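Right, one structure below, let's go through it.
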Amino acid sequence: MNPQPLTDAEFDKLTDVLKRYGDKRAMNLESLDGFFAALICGPETVLPSEYLPEIWGGDMVNEPAFETKPMLQEFISLITRHWNTTCHTLQSGDTFLPLLLDDEDGVAHANDWANGFMQGMEMRRAGWASLMDNEEHAGSLVPILALANEHHPDPEMRPYKEPISAEMRERLIVGAAAGVMAIYDYFEAERVLGMQRHGAASTFRRDAPKVGRNEPCPCGSGKKYKHCCARATLH
């Protein structure tokens with residue numbers, strides 16, 4: 001079965017939860033989408049117990065609060081669906097479209113998306129080295145790196161001396177989307193080998209948010225839920 005993409009109303013719920021419960025460093029929807037894209041198309045499996053703290057900004061809610069707030073449980077269910085939708089898009093070869101937020105003028109800059117992608121790369125930096133050192137395929141990262149470093153504090157790190165035009169930004173966004181698909185293909189063999197070694201799955205096994213604490217974790221790690229992803233919501 002194809003995963004059901006999130007509706008606008010469900011994306012609004014995610015935004016609300018991140019603002020209400022996340023740390024000031026918590027991701028927004030755009031950076032979350034870029035973050036997931038990097039984790040999914042990258043070389044190694046990253047479990048929710050590792051990446052959930054990155055989404056929340058490191059400020060986890062405690063266990064009683066998590067258990068008594070259905071909104072937080074729904075949050076896990078919604079991001080699981082978004083993860084699975086992205087996985088399905090890339091696995092099926094469909095066109096990947098990044099989730100971008102418009103500013104007050106209706107312009108999508110894509111900087112947060114690109115920075116979210118780079119945050120995902122950092123979780124397995126060593127694994128990404130082969131792509132960055134590959135002269136034939138490293139170009140797939142160029143648009144993403146350009147958008148991520150557009151406003152870098154060090155002017156020397158910025159890709160362009162002049163402001164990026166609307167036309168150039170559009171080309172970079174299209175290139176970033178195509179780059180994700182190319183990177184997914186590039187690391188396919190490594191992901192398969194990694195999953196075979198660790199017995200992990202590239203997607204969640206279920207969408208239901210209310211997993212019993214002694215049941216197998218839906219991330220596919222083989223551990224009990226209370227010893228895996230549930231721990232990511234604790235201090």
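Keep in mind the model is a prediction, meaning the values are calculated, not measured. Heavy-atom basis, side chains included; hydrogens, waters and symmetry copies ignored.
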Ignoring hydrogens, what is the shortest heavy-atom contact between [X] and [Y]? Give both atom names and the distance.
X	Y	value
N149	P159	O-CD, 3.4 Å
E44	G127	OE2-CA, 3.7 Å
A110	L147	CB-CD1, 4.0 Å

| request: Could you tell me which residues satisfy side chain to side chain donor-acceptor pair (under 3.5 Å) with E150, sequence neighbours excluded, listed by chain and number? | output: N111, R169
Within this structure, what is the [atom1]-[atom2] distance for the pair [X] and [Y], rounded to the nearest 0.5 Å?
X	Y	atom1	atom2	result
M27	I79	CE	CD1	10.0 Å
L29	L100	CG	CG	11.0 Å
D33	E30	CG	CD	8.0 Å
K161	E156	NZ	CD	8.0 Å
C41	M121	SG	CE	9.0 Å
Y51	L32	OH	CG	9.0 Å

| message | With side-chain contact (heavy atoms from CB on, under 4.5 Å) as the criterion, how do L145 and M118 come out once you've worked through the C-alpha distance, each side chain's angles and the decisive distance to 0.1 Å? | response | CA-CA 8 Å; L145 296 175; M118 291 190 67; 3.8 Å; yes
Just wondering, do [Y] and [X] contact through their side chains at under 4.5 Å, heavy atoms?
X	Y	value
L101	W113	no
N28	L18	no
T80	P48	no
T85	L6	no
W56	V17	yes
R81	E10	yes
F35	V46	no
V180	I40	no

| request: Any pair with a residue in residues 149-179 that passes ring-ring contact (aromatic ring centres under 6.0 Å, His included), sequence neighbours left out, goes on the list, sorted by first then second residue, please. | output: none
| field | Donor-acceptor under 3.5 Å (R124 side chain, T45 main chain) | value | yes
| query | Is the backbone of V107 close enough, under 3.5 Å, to the side chain of D105 for a donor and an acceptor to pair up by distance? | reply | no
| request: Classify the angle between the aromatic ring planes of W128 and F117 as parallel (below 30°), tilted (30 to 60°) or perpendicular (above 60°). | output: perpendicular
| task | If the plane angle is over 60° it's perpendicular, under 30° parallel, otherwise tilted; pick one for Y186 and H137. | result | tilted
| Yes or no on side-chain contact (heavy atoms from CB on, under 4.5 Å) for Y184 and T89, after CA distance, side-chain angles and deciding distance? | CA-CA 11 Å; Y184 183 85; T89 296; over 6 Å; no
| request: For the pair F36 and L99, evaluate side-chain contact (heavy atoms from CB on, under 4.5 Å) and give the outcome as yes or no after the intermediate values. | output: CA-CA 11 Å; F36 273 5; L99 174 63; over 6 Å; no
| task | Evaluate side-chain hydrogen bond (donor to acceptor under 3.5 Å, both in side chains) for T15 paired with D12, printing each intermediate quantity in order. | result | CA-CA 5 Å; T15 297; D12 288 342; 5.2 Å; no
| query | Looking at residues at least two apart in the chain, or sitting in another chain, which of them share a salt bridge (charged side-chain N to carboxylate O under 4.0 Å, His left out) with E188? | reply | R191
| query | Going through the checks in order, is the side-chain contact (heavy atoms from CB on, under 4.5 Å) test met by I76 and L52? | reply | CA-CA 9 Å; I76 299 298; L52 280 174; 4.0 Å; yes
| message | I'd like to know whether CG of D8 has more than 12 heavy-atom contacts from other residues, nucleotides or ligands below 6.0 angstrom. | response | no
